[in-house]
Amino acid sequence: MKKTLALILTLCMILALAACGGGSSSGGASSDAGSSSGGGASAPSGGGSSDAAPSGDEYTPVDIILAHGCTETTAEHASFQLFEQLVEERSGGVVNIDIYPNQQLGGDREYTEACVQGNVTMGGPSTSNMAAFVPALNAFDAPFVFTSYEDVYKALDSDAGQALLDSLEVSNLKGLGYFENGFRNLTINGEVNHLSDIKGLKIRTMENEVHLAIWQALGANPGPLAFGELYTALQQGSFDAQENPLEQIYNNKFWEVNDHVYLTQHVYTPYIIYMNLDVWNSLNEATQNLIQECVDEAVEHNRALCAENNLKCTDGINNSGKSKVYEASAELHDEMVAACADAGIYDLVIEKSGGTYAQDFFAAAGFTY
């Protein structure tokens with residue numbers, strides 16, 4: 001049945017693309033942690049709820065189409081599978097969820113557009129790509145805000161973190177929580193001990209104004225590239241380096257073509273879990289509470305799973321015989337923070353975020369610059 005549904009959905013995507021005359025950014029089979037890679041221009045229709053929602057403690061019958069860009073081997077997918085299991089079991093099957101991973105319904109931007117329009121019900125993209133729809137989420141792209149995962153979770157679970165979730169409503173989305181994407185780290189051939197070692201470095205970044213500005217401030221020569229082309233570009237020397245969270249570095253084998261992995265932890269960006277706001281509002285209170293409860297449990301599971309995965313990824317790289325994971329020196333860290341502050345990166349983030357979203361989030365993280 002699900003295979004038949006997937007075929008119908010794919011045909012709908014093709015027809016929608018032809019009708020709109022649009023295209024999409026190119027991408028690989030695995031989701032970039034914050035890239036705009038992905039397939040089709042429009043996602044299929046679906047994810048509506050019944051016309052008459054039951055009252056009381058009964059659940060509203062609804063079929064949920066949930067899209068994300070990561071492969072089936074990632075912590076995000078496993079966490080969404082747990083969410084699906086919890087919701088379907090506790091609702092007695094009244095709430096049904098079908099998950100479409102690995103960019104089956106397009107990359108982050110494509111399926112987010114489809115969710116805004118009501119053709120997809122739920123998604124879990126990187127906040128870096130969501131900032132194009134929700135400017136407040138630029139707050140997550142500020143560099144060196146966090147020094148530990150404890151600081152991250154304190155900020156995400158704070159009023160400032162909730163305010164960022166609530167900001168999605170301007171785009172007809174209901175923010176429900178955050179999955180772990182992780183700190184972005186640098187991979188390169190050769191040692192990086194001082195800021196001078198980064199000068200002139202050809203580094204691949206996301207097509208994101210703040211990320212490009214960060215690496216320019218650090219003296220590098222950054223440029224965007226589709227995620228699916230990155231391994232070959234590193235292998236052929238088109239780029240000297242790239243930056244991504246450990247899970248992406250390990251799963252996509254960038255350690256095969258870059259022999260040093262530095263835990264620079266320069267930017268932290270989560271995956272943000274959302275639902276189409278119209279669908280959310282069509283659900284009765286019991287169903288809304290059920291979905292939020294199961295998201296919260298999946299988030300806790302996701303955090304524990306990602307901590308385990310980071311250790312496995314580090315061990316895998318160190319045991320590969322091709323690369324090693326190194327801590328970034330305190331001197332390098334301080335030089336990078338100072339360069340970003342001097343270049344006005346934090347002022348840029350505040351301006352792009354609007355309101356006091358970035359300032360409040362910095363305060364929740366205990367960050368000053």
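What you see below is based on every heavy atom in this structure, not just the backbone, and it leaves out hydrogens, waters and symmetry mates. When a residue number appears, it is its place in the shown sequence, counting from 1.
- Residue pairs meeting the ring pair (Phe, Tyr, Trp, His ring centres under 6.0 Å) criterion with at least one partner in residues 307-328, sequence neighbours excluded, are His260-Tyr326, Tyr262-Tyr326.
- Linking Ile, Leu, Val, Met, Phe, Trp and Tyr residues whenever their side-chain heavy atoms come within less than 4.5 Å places Phe146 and Ile272 in a single cluster.
- Annotation for Glu293: atom CD counts as buried by contact number, over 12 foreign heavy atoms lying within 6.0 Å.
- Thr60 contributes no side-chain N or O that, together with a main-chain N or O of Leu283, makes up a donor-acceptor pair within less than 3.5 Å.
- For Thr264 and His266, the side-chain atoms include at least one donor-acceptor pair closer than 3.5 Å.
- No side-chain donor-acceptor contact under 3.5 Å links Asn244 and Asn185.
- Checking side-chain atoms of Ser320 against main-chain N and O of Lys322 turns up a donor-acceptor pair under 3.5 Å.
- Heavy atoms from other residues, nucleotides or ligands lying under 6.0 Å from CD of Glu256 number more than 12.
- Residues Leu66 and Glu84 fail the side-chain proximity criterion, which asks for heavy atoms closer than 4.5 Å.
- A distance of 10.0 Å separates CZ in Phe144 from CD in Gln265, rounded to the nearest 0.5 Å.
- Among all heavy-atom pairs drawn from His77 and Thr71, the shortest one is CB-O, 3.5 Å.
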Could you list the donor-acceptor pairs under 3.5 angstrom formed between side-chain atoms of residues 307-317 and any protein atom two or more places apart in sequence or on another chain?
residue, atom, partner, partner atom, Å
Asn309, ND2, Glu247, OE2, 3.1
Asn310, ND2, Tyr149, OH, 3.3
Thr314, OG1, Asn310, O, 2.9

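- Other residues, nucleotides and ligands place no more than 12 heavy atoms under 6.0 Å from the CG atom of Asp159.
- Proximity of a side-chain donor or acceptor of Asn172 to a complementary backbone N or O of Val116 within less than 3.5 Å is detected.
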Going through the checks in order, is the salt bridge (Lys or Arg N to Asp or Glu O under 4.0 Å) test met by Arg303 and Asp157?
CA-CA 13 Å; Arg303 291 177 180 180; Asp157 297 338; 3.1 Å; yes
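- Counted by atom type alone, Asn284 and Gln288 present zero donor-acceptor pairs between their side chains at under 3.5 Å.
- A salt bridge is defined here as a Lys NZ or Arg NE, NH1 or NH2 lying under 4.0 Å from an Asp or Glu carboxylate O, and Glu243 with Arg184 meets this definition.
- Under the 30°/60° scheme for interplanar angles, the aromatic rings of Tyr369 and Phe367 are found to lie parallel.
- Checking each of Val299, Leu164, Asn302, Ile273 against Tyr178 for a side chain to side chain contact (heavy atoms under 4.5 Å, CB included) leaves exactly one that passes, namely Leu164.
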Run the numbers on Glu297 and Arg90 for salt bridge (Lys or Arg N to Asp or Glu O under 4.0 Å), then give the verdict.
CA-CA 13 Å; Glu297 290 186 34; Arg90 294 176 187 178; 2.8 Å; yes
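- Using a 30° and 60° split on the angle between ring planes, Tyr111 and Tyr274 fall in the tilted class, from 30° to 60°.
- Hydrophobic clustering (ILVMFWY, side-chain heavy atoms < 4.5 Å, transitive): Leu165 and Leu173 are in one cluster.
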Donor-acceptor pairs under 3.5 angstrom involving side-chain atoms of residues 354-361: please list them, not counting sequence neighbours.
residue, atom, partner, partner atom, Å
Thr356, OG1, Asp360, OD2, 2.9

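- Listed for the Asp166 side chain is no donor-acceptor partner under 3.5 Å among the backbone atoms of Gly175.
- Put simply, the side chain of Glu110 never gets that close to the backbone of Leu105: no donor and acceptor are under 3.5 Å apart.
- Between the side chain of Arg204 and the main chain of Leu225, a donor-acceptor pair closer than 3.5 Å is present.
- Checking Gln104 against Asn102 by side-chain atom types alone, no donor-acceptor pair falls below 3.5 Å.
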Asn138 vs Ser353, test: side-chain hydrogen bond (donor to acceptor under 3.5 Å, both in side chains). Steps then yes/no.
CA-CA 5 Å; Asn138 281 288; Ser353 299; 5.1 Å; no
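- Between the His194 side chain and the Ser196 main chain, no donor and acceptor come within less than 3.5 Å of each other.
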